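Note sheet for the following structure.
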There are 2 protein chains.
Amino acid sequence: MKLTVSRLYKYRDTLIRFRQIGMVRVFSDDLAEDMNTSATQVRKDFSLFGISGNKKGGYQIHRLIIQLDRLLGKDKTHFVIIVGAGNLGKALMNYGGFEEEGFKVVAVFDNDPRKISRKGKIPVLPVQGLERFIKARELDLGIIAVPYFAAQEVAGRMTAAGIKGILNFAPVSLKVPGDCFVSNINVQLELETVSYFAKIMKENKKHSQQKKAL
Amino acid sequence: MKLTVSRLYKYRDTLIRFRQIGMVRVFSDDLAEDMNTSATQVRKDFSLFGISGNKKGGYQIHRLIIQLDRLLGKDKTHFVIIVGAGNLGKALMNYGGFEEEGFKVVAVFDNDPRKISRKGKIPVLPVQGLERFIKARELDLGIIAVPYFAAQEVAGRMTAAGIKGILNFAPVSLKVPGDCFVSNINVQLELETVSYFAKIMKENKKHSQQKKAL
DNA sequence: ATCATTTTGTGATTCTTTTCACAATAAATC
DNA sequence: GATTTATTGTGAAAAGAATCACAAAATGAT
Ligand SMILES: NC(=O)c1ccc[n+]([C@@H]2O[C@H](COP(=O)([O-])OP(=O)(O)OC[C@H]3O[C@@H](n4cnc5c(N)ncnc54)[C@H](O)[C@@H]3O)[C@@H](O)[C@H]2O)c1
Ligand SMILES: NC(=O)c1ccc[n+]([C@@H]2O[C@H](COP(=O)([O-])OP(=O)(O)OC[C@H]3O[C@@H](n4cnc5c(N)ncnc54)[C@H](O)[C@@H]3O)[C@@H](O)[C@H]2O)c1
């Protein structure tokens, strides 16, 4: 389910690129190839969400995007706050890609007075005002970009104020109430995992060379 | 397998925090709780990699960390390059967490002459020299932090030069040879997924309130 | 109009991951 | 030293995700 949803977003991405280069229709095959998956997977995902195409004719890109947009909530702007205006928080804040995808970062919060600034395009505010801000605007989405030891506290405050979805960059598992969804991006962990499998790749190569040599 | 490995790295993280606060032994329960998983999962993961503890006595943290270190290659320093010295590439480059975890960023590459600089702690070099650099140092690990339209080209050059593991931040699926492992961090996608499920959380709440009201 | 071809949509199957259930055993208690 | 208790380790079962296999339908060719 989670995996299907995230693939649906990726299909949409791919479809938008396809449309940009002038394509009008796609087959499940085309999507699969672009995304390194199988055509069956694509069709099963669509089928699960009641999306259908034409036998032999494939899918009309434009129509498909509209359907996905509605399904995935891409027809609205989503407002987001970031807590932590450090190295990473600032990179996220200045990243243009979010707005293009319908996410608007409305404010960043930090507990270091030196980081506070109401001047920029996106204000950086004292974290004291976090709850009030979230409640006043009925925000649902928050990004955590504080050090690991502060992450749980921030998550607690966010959820208490009504946040229902958290994207967490701190390398710890957050405890949140059952009505809040958390996704973790743990960069170190990903790099570690890559390094583990890179090593295996090298060893396999050695083995297969040994095999060849026999 | 992939999931087990990434959990092993997380167990290690947790164990190191536990050791820092003076703990000497843990039970599968403790690890599970800290990581939001089940005790059975922990033990099964360990069992899969031949790690064992004492019945009733649990696991000795120090010993366990040593075992994991060896298993996960944390007893060596891993050298990494980053391609793309933009917004994100710079944040990664300045991030202290990698070195702490045994990863050393040896160089960053960019194709924009204005980004080049040999002055800093980590040099930013012209991307022309990428292959030569990788080959000369027999590097295995690369991070891609270039725009989506440049990512495939960079991946191709990396793998051709011998890179065996790629951490990719560009929101596209890379085509790489079978002897290279890729892990994708797609921040937009994660945020989209969070927003999808956050919406569901809200709707569920409405429903359960309706149910209560009946 | 008929036939061959292409592509979808999905039930059945296989594969993977997680959870369950419980025997084995080390430590603590009586 | 026997008994109770806590905890591990793992085969078996369940749940979840991906793949297979093929019928159904749309299109194009003859
Ligand atoms: N920078 C990276 O490239 C990178 C890579 C991987 C992971 N991360 C993770 O992302 C998180 C942020 O990393 P960073 O490099 O930006 O760290 P950083 O130290 O540069 O920034 C953290 C910011 O959070 C603020 N902060 C601390 N406690 C707070 C609190 N209770 N409330 C509000 N603000 C608070 C600090 O004032 C600081 O501005 C960390 O958990 C880190 O492990 C960062
Ligand atoms: N910045 C963020 O917070 C963020 C968030 C999510 C995703 N991303 C993704 O990460 C990637 C980088 O984002 P960014 O914000 O740093 O972009 P950016 O434009 O700030 O930086 C990209 C850098 O790559 C360099 N570059 C372009 N083509 C190159 C090539 N062929 N070889 C070498 N260098 C090349 C550019 O000169 C530039 O310095 C993008 O794919 C983006 O979608 C970034």
Side-chain angles (χ1 to χ4, degrees), chain A residues 1-11 14-15 18 23-65 67-68 71 173 181 183-184 189 193 196-197 200, chain B residues 1-11 14-15 18 23-65 67-68 71 173 178 181-184 189 193 196-197 200:
Chain A
M1 180 65 186
K2 163 121 194 271
L3 291 167
T4 297
V5 168
S6 100
R7 278 195 302 266
L8 290 177
Y9 281 102
K10 287 200 227 168
Y11 298 139
T14 302
L15 288 164
F18 283 177
M23 288 172 66
V24 171
R25 290 188 304 167
V26 266
F27 303 123
S28 49
D29 238 12
D30 303 326
L31 282 169
E33 201 205 320
D34 189 85
M35 279 182 45
N36 289 342
T37 181
S38 70
T40 313
Q41 180 77 83
V42 174
R43 296 201 299 275
K44 178 121 270 175
D45 287 341
F46 286 173
S47 146
L48 228 53
F49 277 78
I51 290 174
S52 61
N54 301 26
K55 311 229 162 172
K56 185 116 188 196
Y59 305 83
Q60 257 191 282
I61 292 180
H62 194 70
R63 204 174 98 82
L64 189 46
I65 291 175
Q67 286 182 82
L68 288 172
L71 221 51
S173 298
F181 181 90
S183 189
N184 297 291
L189 178 62
T193 308
Y196 182 88
F197 287 102
I200 290 186
Chain B
M1 181 65 185
K2 161 121 194 273
L3 291 167
T4 298
V5 168
S6 101
R7 277 194 302 266
L8 290 177
Y9 280 103
K10 286 201 228 169
Y11 297 139
T14 302
L15 288 164
F18 283 177
M23 287 172 67
V24 171
R25 290 187 305 166
V26 266
F27 304 122
S28 50
D29 239 12
D30 303 327
L31 283 169
E33 201 204 319
D34 190 85
M35 278 182 45
N36 290 342
T37 182
S38 70
T40 312
Q41 180 77 82
V42 174
R43 297 202 298 274
K44 179 120 263 176
D45 287 342
F46 286 173
S47 146
L48 229 52
F49 278 76
I51 290 173
S52 60
N54 301 26
K55 311 232 163 170
K56 185 115 188 198
Y59 305 83
Q60 257 192 284
I61 292 181
H62 194 70
R63 204 175 97 82
L64 189 45
I65 291 175
Q67 286 182 82
L68 287 171
L71 220 51
S173 300
F181 180 89
V182 179
S183 188
N184 297 292
L189 179 61
T193 309
Y196 182 88
F197 287 102
I200 290 186

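So you know, we letter chains A, B, ... as the sequences are listed, proteins then strands, and number each from 1. Keep in mind it's a predicted model, so treat the numbers as computed, not measured.
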Checklist outcome for this item: note: D30(A), atom CG; dT6(C), atom P; distance rounded to Å ~ 15 Å
Next on the checklist: Does a side-chain N or O of R7(A) approach OP1 or OP2 of dA18(D) to a distance below 4.0 Å, or not?
Outcome noted: yes
Checklist entry - When the ring planes of Y196(A) and F49(B) are compared, do they come out parallel, tilted or perpendicular, using 30° and 60° as the limits? => result perpendicular
Checklist entry - How do F27(B) and K2(A) order along DNA chain D: which one's closest nucleotide is nearer the 5' end? => result F27(B)
Checklist entry - Atom CE of M1(A) and atom C1' of dT18(C): how far apart are they, to the nearest Å? => result 19 Å
Item to check | Value in whole Å for how far the C1' atom of dG9(D) lies from CG of L31(B) | outcome: 15 Å
Checklist entry - If you look at every strand shown and take non-hydrogen atoms under 4.0 Å, does T40(B) touch a base, only sugar-phosphate, or nothing? => result base
Checklist entry - dT19(D) phosphate, OP1 or OP2: any side-chain N/O from S38(A) under 4.0 angstrom? => result yes
Pairs: protein N or O with nucleotides 24-30 of chain C N or O, under 3.5 Å:
unit_1  : atom_1 : unit_2 : atom_2 : d
dA26(C) : O4'    : K55(B) : O      : 3.4

Checklist outcome for this item: Taken to the nearest whole Å, CD/Q60(A) to P/dT27(D) is 11 Å
Checklist entry - Base, sugar-phosphate, or nothing for S28(B), non-hydrogen atoms under 4.0 angstrom? => result sugar-phosphate
Checklist outcome for this item: Assign each of F46(B) and L3(A) the nucleotide of DNA chain D bearing its closest heavy atom; nearer the 5' end lies the nucleotide of F46(B)
Checklist entry - Can you name the nearest heavy-atom pair linking R43(B) to S28(B), along with the distance? => result NH1-OG, 3.0 Å
Checklist entry - Does a nitrogen or oxygen in the side chain of Y59(A) sit under 4.0 Å from OP1 or OP2 of dG9(C)? => result yes
Checklist entry - Which heavy-atom pair separates I61(B) from L15(B) by the least distance, and what is that distance? => result CG2-O, 3.7 Å
Checklist entry - What is the nucleic acid contact for S52(B), judged by heavy atoms within less than 4.0 Å: base, sugar-phosphate only, or nothing? => result sugar-phosphate
Item to check | For atom CG of D45(B) and atom C1' of dT19(C), their distance in whole Å | outcome: 12 Å
Checklist entry - To the nearest angstrom, how far is F49(B) atom CZ from dG9(D) atom C1'? => result 16 Å
Checklist outcome for this item: All heavy atoms of F181(B) vs all of T193(A), minimum pair found to be CE2-O, 4.4 Å
Item to check | Spatial distance of atom CG (N54(B)) from atom CZ (F27(B)) [nearest 0.5 Å] | outcome: 10.0 Å
Checklist entry - Taking atom CG of D30(A) and atom OH of Y59(A), what is their separation to the nearest 0.5 Å? => result 11.0 Å
Next on the checklist: Could you check whether any side-chain N or O of D45(B) sits under 3.5 Å from a backbone N or O of V42(B), counting only pairs where one atom can act as donor and the other as acceptor?
Outcome noted: no
Checklist outcome for this item: Heavy-atom nearest nucleotide on DNA chain C taken for K44(A) and for G58(A); more 5' hit belongs to G58(A)
Checklist entry - Would you say dG9(C) has OP1 or OP2 under 4.0 Å from some side-chain N or O of R43(A)? => result no
Next on the checklist: Can you measure Q41(A) atom CD to dT10(C) atom P for me and round it to whole angstrom units?
Outcome noted: 15 Å
Item to check | Separation of atom CD1 in I51(A) from atom P in dT8(C), rounded to whole Å | outcome: 13 Å
Item to check | Residue pair S6(A) / L189(B): nearest heavy atoms and the distance that separates them | outcome: O-CD1, 3.4 Å
